[in-house]
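The block underneath contains the structure these notes are about, expressed in structure tokens.
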Amino acid sequence: MKGTIVKCLQELVVEKFGKDKWDAVLNKVEGMPKLIMPIADIPDAMVMQAVGATCEVLGITLQQAADAFGDYWVNVYAQKMYPEFFKNRKTAKEFILAMDAVHDVATKNMEHAHPPRFKYEWKDPKTLFFHYTSSRNLIDFAVGLLKGVARFYKENLKVTKLSDQIVEIIFP
């Protein structure tokens, strides 16, 4: 995974819980660099160890961590690192329907990037089936990101994980 994921997790933990909590996370993940560069390649297993250690240190569930990460990524981290992806999108629906293209553009020139892919299927005019494809099986983080998008656009979306590949989004 790209270091930007771990960098965001680090910023979230330090900002919300303190540097000592992040240090405790790092102490549980053998080989994790202390200085994390956003474009660095971090082994998937190490990133998942960091997520697990974060849950353990903070006493939270994986879903709570995924929701917190998604919210922080969209509303804080991405606003600093990737603000251009939000500029021309006025609604959560517009942004969500562009997420696959955003991942494609953001990682096009990054070696070893393997972002998740998204497909969209409308059940009815207000209900979208958001299809998630990734070998990493991190759909809980996609759910967290979708909830973060809803908060960013101040929209009351109903986001429900239906399976390990499908999230149902109901727009107001």
Side-chain angles (χ1 to χ4, degrees), residues 1-13 15-17 38 42 44 47-48 50-52 54-55 58-110 112-172:
M1 250 179 262
K2 288 300 173 186
T4 195
I5 303 299
V6 179
K7 187 73 177 160
C8 178
L9 182 63
Q10 174 188 21
E11 286 186 18
L12 166 64
V13 172
E15 183 178 310
K16 302 284 184 185
F17 303 98
I42 309 285
D44 289 358
V47 175
M48 294 316 297
V51 170
T54 299
C55 291
L58 300 179
I60 60 175
T61 66
L62 178 61
Q63 188 58 59
Q64 289 170 316
D67 284 353
F69 179 88
D71 187 75
Y72 192 86
W73 178 275
V74 172
N75 292 287
V76 179
Y77 190 80
Q79 299 308 312
K80 294 183 297 188
M81 299 294 288
Y82 311 106
E84 65 276 7
F85 293 120
F86 293 85
K87 283 185 181 165
N88 295 320
R89 297 183 175 92
K90 305 294 183 216
T91 67
K93 184 187 288 185
E94 286 179 19
F95 189 87
I96 290 167
L97 292 174
M99 282 177 65
D100 191 65
V102 165
H103 272 105
D104 191 45
V105 168
T107 61
K108 184 176 272 190
N109 295 320
M110 286 185 190
H112 311 294
H114 303 287
R117 302 311 309 235
F118 311 118
K119 291 185 180 175
Y120 313 96
E121 174 189 359
W122 287 98
K123 177 181 175 185
D124 60 49
K126 291 188 174 200
T127 307
L128 176 69
F129 289 138
F130 180 90
H131 295 266
Y132 166 92
T133 304
S134 173
S135 61
R136 294 183 174 119
N137 300 316
L138 297 174
I139 194 163
D140 292 326
F141 285 85
V143 169
L145 289 166
L146 292 165
K147 290 176 182 178
V149 169
R151 188 169 86 79
F152 179 80
Y153 288 99
K154 298 175 179 59
E155 294 181 26
N156 188 25
L157 305 184
K158 184 177 179 202
V159 178
T160 306
K161 176 181 159 183
L162 300 180
S163 73
D164 287 341
Q165 292 87 32
I166 302 173
V167 178
E168 179 184 69
I169 306 166
I170 301 176
F171 295 89

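At least one side-chain heavy atom of Tyr77 sits under 4.5 Å from a side-chain heavy atom of Thr4. Side-chain contact between Lys147 and Asp71: absent, with no pair of heavy atoms (C-beta onward) separated by less than 4.5 Å. Residues Val51 and Phe69 have side chains not in contact (no heavy-atom distance under 4.5 Å, counting atoms from C-beta outward). Annotation: side chain of Phe130 is not in contact with side chain of Ile166 (no heavy-atom distance under 4.5 Å). The shortest distance between side-chain heavy atoms of Asp164 and Asn137 does not fall below 4.5 Å. Using a 4.5 Å heavy-atom cutoff, the side chains of Ile5 and Trp73 are in contact.
For the pair Asn75 (side chain) and Gly148 (backbone), a donor-acceptor distance under 3.5 Å is present. Without hydrogens or angle criteria, Gln79 side chain to Val74 main chain gives a donor-acceptor distance under 3.5 Å. Formation of a donor-acceptor pair under 3.5 Å by the Asp100 side chain with backbone atoms of Arg117 is not found in this model.
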Would you sort out whether Glu155 and Thr91 count as a side chain to side chain contact (heavy atoms under 4.5 Å, CB included), showing the intermediate values? CA-CA 8 Å; Glu155 294 181 26; Thr91 67; 3.5 Å; yes
Evaluate the side chain to side chain contact (heavy atoms under 4.5 Å, CB included) criterion for residues Ile96 and Leu157: first the C-alpha distance (whole Å), next the side-chain angles of each, then the deciding distance (0.1 Å), finally the verdict. CA-CA 11 Å; Ile96 290 167; Leu157 305 184; 3.8 Å; yes
Chi angles and distances behind the side chain to side chain contact (heavy atoms under 4.5 Å, CB included) call for Val143, Tyr132: CA-CA 10 Å; Val143 169; Tyr132 166 92; over 6 Å; no
Intermediate values then yes/no, side chain to side chain contact (heavy atoms under 4.5 Å, CB included), Tyr153 and Arg89: CA-CA 10 Å; Tyr153 288 99; Arg89 297 183 175 92; 3.5 Å; yes
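The two residues Asp140 and Ala66 come nearest to each other via the heavy atoms O-CB, 3.3 Å. For Lys90 against Lys87, the heavy-atom pair with the smallest separation is NZ-O, 3.5 Å. Closest non-hydrogen pair, Pro38 versus Met81, comes out as CG-CE, 4.1 Å. In terms of heavy atoms, Trp122 sits closest to Lys93 at CH2-CE, 3.8 Å. Contact between Ala92 and Phe171 at its shortest, heavy atoms only, is C-CE2, 4.4 Å. Counting all heavy atoms, side chain and backbone alike, Phe129 lies closest to Leu162 at CE2-CD1, 3.6 Å.
Side chains of Asp67 and Gln63: a donor on one and an acceptor on the other come within 3.5 Å.
Interatomic distance, OG1 of Thr54 versus CE of Met48, reported as 10.0 Å (0.5 Å rounding). If you take CD1 on Ile42 and CE on Met1, they are separated by 10.0 Å, rounding to the nearest 0.5 Å. Here CD of Glu168 is found 6.5 Å from NZ of Lys158. Values are rounded to the nearest 0.5 Å. Here the straight-line distance linking atom CD of Glu121 with atom CG of Leu128 works out to 8.5 Å at 0.5 Å rounding. Taking CG of Leu145 as the start and CE of Met99 as the end, the distance is 5.5 Å to the nearest 0.5 Å.
Ring geometry for Phe85 versus Tyr82: interplanar angle of 30 to 60°, hence tilted. Between Phe95 and Phe86, the two ring planes are parallel [angle under 30°; tilted spans 30° to 60°].
Within a 6.0 Å radius of CG in Asp124, more than 12 heavy atoms belonging to other residues, nucleotides or ligands are found.
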